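Since the model is a prediction, treat every value here as computed from it, not as a measurement. Below, chain A is the first sequence line, B the second, and so on; all start at residue 1.
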Number of protein chains: 2
Amino acid sequence: METSFSVGLNAVIVAVTGESPRVLTVQAAQPGSVADSETVALPFGPLDPISGRTMERGVRGWVREQTGLEFGYVEQLYTFGDRDRDPVGRDGGPRVLSVAYLALVREEVLAGNCRAQWLDCYDLLQWEDWRSGRPKVVDERIIPELTAWARLASTRSKRATRKERVAIAFGLDGAEWDGEKVLERYELLYEAGLVCEAMREVDPGTQPPRERARHELGRCMVLDHRRMLATALGRLRGKIKYRPVVFELLAPTFTLLQLQRVVEALAGVRLHKQNFRRLVDKGGLVEGTGSLDEYTGGRPAELFRFRRDVLRERSAPGVGLPGGTQVSRV
Amino acid sequence: METSFSVGLNAVIVAVTGESPRVLTVQAAQPGSVADSETVALPFGPLDPISGRTMERGVRGWVREQTGLEFGYVEQLYTFGDRDRDPVGRDGGPRVLSVAYLALVREEVLAGNCRAQWLDCYDLLQWEDWRSGRPKVVDERIIPELTAWARLASTRSKRATRKERVAIAFGLDGAEWDGEKVLERYELLYEAGLVCEAMREVDPGTQPPRERARHELGRCMVLDHRRMLATALGRLRGKIKYRPVVFELLAPTFTLLQLQRVVEALAGVRLHKQNFRRLVDKGGLVEGTGSLDEYTGGRPAELFRFRRDVLRERSAPGVGLPGGTQVSRV
DNA sequence: CTATATATGCTCAATTTGAGTATAATTGGA
DNA sequence: TCCAATTATACTCAAATTGAGCATATATAG
């Protein structure tokens, strides 16, 4: 009924160490792509048609094998199947489909294969970290270059559309910056040719990649892997608002500040401490263990743990962030 | 690098007619599956590796061909690839992957192929419509049978887990019913064998399907298509809270009550009229056209239209419903 | 003219937010 | 020893939002 495809699985494995969200990467060794020592890739594995009963099991399986990592939370992210995503497919080779999964792990117990390493997500998507205000790179490079790009469009209406997209994505002209619009921002940068992987599509191999890459934003990734990461970060930022997934990233017990730092790391913004506490408290997501954190530098904080049974009570138990409007049911 | 798969595309095409959410279905004629005149399927099409540059274009393409339908909003839903989803794959045949898309259309201009028909989503998922309170089928059949099923588990802890899952999914024991948990509910019914397609997995062809089907809940669908529908409805219910997707389902101008009815149809609950208006109004999502609806039966309502430019202003412009908690940014 | 039905304006208490101030319990030096 | 720095936590208070109504306006059917 339809032709055959190559199907693989990618995993965006996220952890938070201290105050930075990290993603597990491997050395890029994809044949046929622009690869150098700087270029990294997301872990990739086959979907075994025989042994993998479900795709999720498949991901868990080969990630365990390759990295020794065992994760609790996994969700399917997106299936990437555009013809141009891989030069091989573009050149008439077999088309490669990739089903990407998002996984959350508790810390970095990296065992096994040393080709894997944790990278800070914000080294790969530097314009996404607004914890100390609007990132410099946004002011100094992104806005000017995207504005220039918007002006390049052929018709008046296309210029207006581009300008508006930029404004919405980066919170210009009175629009508010929305942490979840990670993919929109990435796609703008891609279309405008500001990320190194954008070149590959136009004319692979023509320009010396190392030379240009220096001018581009952020560290480069193989194929459409940075798009996958952007998809993952956007999804995760949305999810923490209404599902208690943060706890998958934390140790079994934690202080409220640690919890806040993890949320901030993912959300990319700073939160008001007292109000954050009030909300966490009211939401009943956590309960104090009597013990205190052995701490240096201030009053010791109480250690909390996640209340698993909260899932029964509240329908949308997230850790909160500016969110959606509501309407009362009748 | 990995083996070959068959890859196809499914579309969950949703419209709202009057007060009922509808989904486009086709006559089931899948070879090898339990098919009779009652069993329907979601539209299915190939992913053409040559012509379809992106999968989304692919979907738009063959849906247009098959039904004459042109839709504005499309989003990728999920990729279904479990080995057991298709009897063919289970029996060692080629494994079939399906990438499902959710599409919203404005009304039902069904042209072309007459094997297609619109069905009420709540004929397929009858336990999801809470607009007149908790559905009878939940009280009379689902709760009793799921409770019995929970008791059947082998160990004490498994029984407790099942019981808790049921309580969370259907809003028992003080838990609140959550409209978005469509998939969780479907999966419970599936595991408990209360939907007809569940039998197929255990022992295909053994039991006379027509006989048993009469006792099962809702109209049957081919393969895992009802799971796809459940995924779609859950996603859509989530989405209307924070993105203005409802307008894809409405005529260009509409009264506020029509808007409310569409939201209610999708959400599966009734809303408080005055408060709904207040929120829509405050959200600035719509603007009045001066004209009035020609109406019979009461004071005529003003016609409104969607304000496209609202996308620039608000970061999360949905029509609202009980939603997430918030935390103030610093 | 009345009953009925819908639209739309307005009120009001309860709750939730946003943004602080105040106070408590530590550590590391002056 | 006592002060500065640092972090935790309690509490306040005005503004905004929500939940639940009541009241009034404008139609139609008889």
Side-chain angles (χ1 to χ4, degrees), chain A residues 18-19 176 241-242 253-261 263-264 267 269-304 314-330, chain B residues 18-19 176 241-242 253-261 263-264 267 269-304 314-330:
Chain A
E19 304 210 6
E176 233 183 88
K241 288 181 191 164
Y242 59 94
T253 69
F254 46 83
T255 68
L256 293 181
L257 188 60
Q258 284 168 344
L259 172 60
Q260 185 180 343
R261 292 296 178 232
V263 173
E264 289 174 338
V269 290
R270 287 256 169 252
L271 303 174
H272 184 285
K273 191 167 170 177
Q274 293 91 325
N275 292 350
F276 179 82
R277 282 151 176 280
R278 175 172 63 187
L279 211 64
V280 166
D281 194 67
K282 190 197 43 153
L285 288 165
V286 300
E287 60 188 359
T289 73
S291 48
L292 297 180
D293 191 31
E294 71 297 326
Y295 196 83
T296 67
R299 172 171 168 180
E302 186 173 2
L303 284 168
F304 289 79
R314 308 229 307 113
S315 83
V319 285
L321 276 171
T325 20
Q326 312 199 343
V327 147
S328 43
R329 282 168 59 172
V330 81
Chain B
E19 305 210 6
E176 234 185 87
K241 289 182 191 165
Y242 60 95
T253 69
F254 46 83
T255 69
L256 293 182
L257 188 59
Q258 284 168 344
L259 172 59
Q260 184 180 341
R261 291 293 179 235
V263 173
E264 289 173 338
V269 289
R270 288 256 170 253
L271 303 175
H272 184 284
K273 192 167 172 175
Q274 293 92 324
N275 292 349
F276 179 82
R277 282 150 176 282
R278 175 173 62 188
L279 210 65
V280 166
D281 195 68
K282 188 196 44 153
L285 287 165
V286 300
E287 61 190 357
T289 73
S291 49
L292 296 180
D293 190 32
E294 71 298 325
Y295 196 83
T296 66
R299 172 173 168 180
E302 186 173 3
L303 285 169
F304 289 79
R314 306 231 307 114
S315 82
V319 287
L321 276 170
T325 19
Q326 312 197 343
V327 148
S328 43
R329 279 166 61 172
V330 81

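Taking 4.5 Å as the limit, every side-chain heavy atom of A:Val280 sits out of range of all side-chain heavy atoms of A:Arg277.
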Exercise. Before giving the answer on side-chain contact (heavy atoms from CB on, under 4.5 Å), spell out for B:Leu256 and B:Glu302 the whole-Å C-alpha distance, their side-chain angles and the decisive distance to 0.1 Å.
Key: CA-CA 8 Å; B:Leu256 293 182; B:Glu302 186 173 3; over 6 Å; no
Practice problem: Evaluate the criterion side-chain contact (heavy atoms from CB on, under 4.5 Å) for residue pair B:Phe254 and B:Val286; output intermediate values, then yes/no. | Solution: CA-CA 10 Å; B:Phe254 46 83; B:Val286 300; 3.9 Å; yes
Exercise. In sequence, state the C-alpha distance, the side-chain angles, and the governing distance for A:Arg261 and A:Glu264, and then conclude on side-chain contact (heavy atoms from CB on, under 4.5 Å).
Key: CA-CA 5 Å; A:Arg261 292 296 178 232; A:Glu264 289 174 338; 2.7 Å; yes
Exercise. Begin from the C-alpha positions of A:Leu292 and A:Leu303 and carry the test side-chain contact (heavy atoms from CB on, under 4.5 Å) through to its verdict.
Key: CA-CA 5 Å; A:Leu292 297 180; A:Leu303 284 168; over 6 Å; no
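Between A:Leu271 atom CG and D:dA8 atom P there is a gap of 15 Å when expressed in whole angstrom units. Note: NE2 (A:His272) to C1' (C:dT16) measures 14 Å, nearest angstrom. In this entry the distance linking CZ of B:Phe304 with P of C:dA7 reads 11 Å, nearest Å. To the nearest angstrom, P of C:dT8 lies 13 Å from CZ of B:Phe276. Taking atom NZ of A:Lys241 as the reference point, atom C1' of C:dT17 lies 16 Å away to the nearest angstrom. With rounding to whole Å, A:Lys282 atom NZ is found 13 Å from C:dG18 atom C1'. Separating the CG atom of B:Leu256 from the C1' atom of D:dT26 is a distance of 16 Å, rounded to the nearest angstrom. Across the protein-nucleic acid pair, B:Asn275 atom CG and C:dC10 atom C1' stand 12 Å apart, rounded to whole Å.
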Practice problem: Can you check each nucleotide of nucleotides 22-30 of chain C against protein heavy atoms at under 4.0 Å and return B for base, S for sugar-phosphate only, - for none, in 5' to 3' order? | Solution: --BBBS---
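Residue B:Arg278 places a side-chain atom within donor-acceptor reach of the base of D:dG19, judged by atom type and a 3.5 Å distance cut-off alone. A donor and an acceptor atom never sit less than 3.5 Å apart when one is taken from the side chain of B:Arg277 and the other from the base of C:dG9.
Smallest separation of non-hydrogen atoms from A:Leu271 and A:Phe276: CD1-CD1, 3.7 Å.
In this structure, the nucleotide among C:dT6, C:dT11, D:dT7 sitting nearest to the side chain of A:Lys273 is D:dT7.
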